[in-house]
Amino acid sequence: MQSDVHADRYLSGRELWGDDFTAAQISQWFEDEREGYSELCGPDASAENYGYHGINRFYGFRKLPPRRFSHALGIGSSFGGEFLPLLDSIDRITILEPSARLRSTVLRDVPVEYVDPTPSGAAPFDTGTFDLVLCLGVLHHIPNVTYVLSEIGRVMAPGGWALIREPVVSMGDWRRPRKPGITKRERGIPRRILESAVTGSGMSIRSSLFCISPLTSRIGKAIRVNPCASQLGAALDRTLALATAWNYRYHAEHAWQKVCPSSVYITAQRNAK
């Protein structure tokens, strides 16, 4: 039987689809995804309706040091809802956001500056600008993940902190028609590749935890509650993620193989120079 070279390289999780694209391929991907998420959002989307506060507190925010952050960067943070629990600890917020539709003017009383990203992924900021970076569920919409993470590392101040949450499963074979609720180009990032890119960008990983079990969302739908919004729901998710971590693989070919944590939440600190 003829070998499927694409599956051997990418669906196996050995390499990341898109990470070695040409400039022209990256530009096309960027245009395909620029408004991809905004087209999935309902009319009620806003900073106040952000649905992952419990997940962020449980897996990430509580691991940050008790200090003020002078300048925070949000990567693809849209309306900026993920920053709401941290507003009392942040002096200034900049959001790198491709969508012209998913933007706020202020987060409660804190002004927000929006900057358009470049298709190449080069960050339009000086080296060492930010002491906090939130990059939550964004990198899997980007082709050249390793390069973009290197740019995140570059613009972080020594000793600064980054919180990164990404799907680490394939999200299906992207050569086939996509399922409803998924943008044209998004795909998960193999955990090994994601962690390697983080450390290769000049950061040290302080915590890397499996999260977002598919069982969590099933329970939430059954009881009509968003479990990702509360710390209790996040604690349940952590229990389910741990219980099914043995079944983790990048690409599932059978239904039972999908019963595993779908994402990883990384807390990382920029190395001192």
Would you sort out whether Y52 and N226 count as a side chain to side chain donor-acceptor pair (under 3.5 Å), showing the intermediate values?
CA-CA 9 Å; Y52 287 87; N226 174 15; over 6 Å; no

If only atom types and distance count, is the side chain of Q28 paired as donor or acceptor with the main-chain N or O of Q25 below 3.5 Å?
no

Under the 3.5 angstrom rule, does the side chain of Y114 hit a backbone N or O of S104 as a donor-acceptor pair?
yes

Evaluate H251 against Y10 for side chain to side chain contact (heavy atoms under 4.5 Å, CB included), listing each step before the verdict.
CA-CA 9 Å; H251 181 65; Y10 302 113; over 6 Å; no

Minimum heavy-atom distance [X]-[Y], with the two atoms named:
X    : Y    : answer
C260 : V169 : SG-CG1, 4.4 Å
S208 : I266 : OG-CG1, 3.7 Å
R101 : E39  : NH1-CG, 3.6 Å

What verdict does the ring-ring contact (aromatic ring centres under 6.0 Å, His included) test give for F79 and Y50, after you've listed the backbone C-alpha separation in whole Å, the side-chain angles of each residue and the deciding distance to 0.1 Å?
CA-CA 9 Å; F79 296 110; Y50 181 78; over 10 Å; no

So T94 and F130, side chain to side chain contact (heavy atoms under 4.5 Å, CB included) or not? Walk me through it.
CA-CA 9 Å; T94 297; F130 304 98; 4.0 Å; yes

Here the gap from R249 atom CZ to S170 atom OG, rounded to the nearest 0.5 Å, amounts to 11.5 Å

D131 and R67: side chain to side chain contact (heavy atoms under 4.5 Å, CB included), yes or no, with the steps?
CA-CA 11 Å; D131 51 2; R67 52 163 284 191; 2.9 Å; yes

So, N271 and S204: side-chain donor and acceptor under 3.5 Å apart, yes or no?
yes

T183 and E33: side-chain donor and acceptor closer than 3.5 Å?
yes

Between [X] and [Y] (salt bridge meaning N to carboxylate O under 4.0 Å), is one present in this structure?
X    : Y    : value
D173 : R187 : no
E186 : R178 : no
D116 : R103 : yes

Is the shortest heavy-atom distance from the side chain of [X] to the side chain of [Y] under 4.5 Å?
X    : Y    : answer
M156 : M203 : yes
P190 : L16  : yes
T239 : L242 : no
Y248 : V168 : yes
P167 : S263 : yes

For Y265, enumerate each residue passing the side chain to side chain donor-acceptor pair (under 3.5 Å) test, keeping only those at least two apart in sequence or located in another chain.
N56

Parallel, tilted or perpendicular, judged at 30° and 60°: which one describes the rings of F21 and W17?
perpendicular

Set out, in order, the CA-CA distance, both residues' side-chain angles and the distance that settles side chain to side chain contact (heavy atoms under 4.5 Å, CB included) for L139 and L194, then state yes or no.
CA-CA 10 Å; L139 294 175; L194 177 62; 4.3 Å; yes

Assess whether side chain to side chain donor-acceptor pair (under 3.5 Å) is satisfied between Q231 and R57, documenting all intermediate values.
CA-CA 7 Å; Q231 291 201 71; R57 286 192 179 99; over 6 Å; no

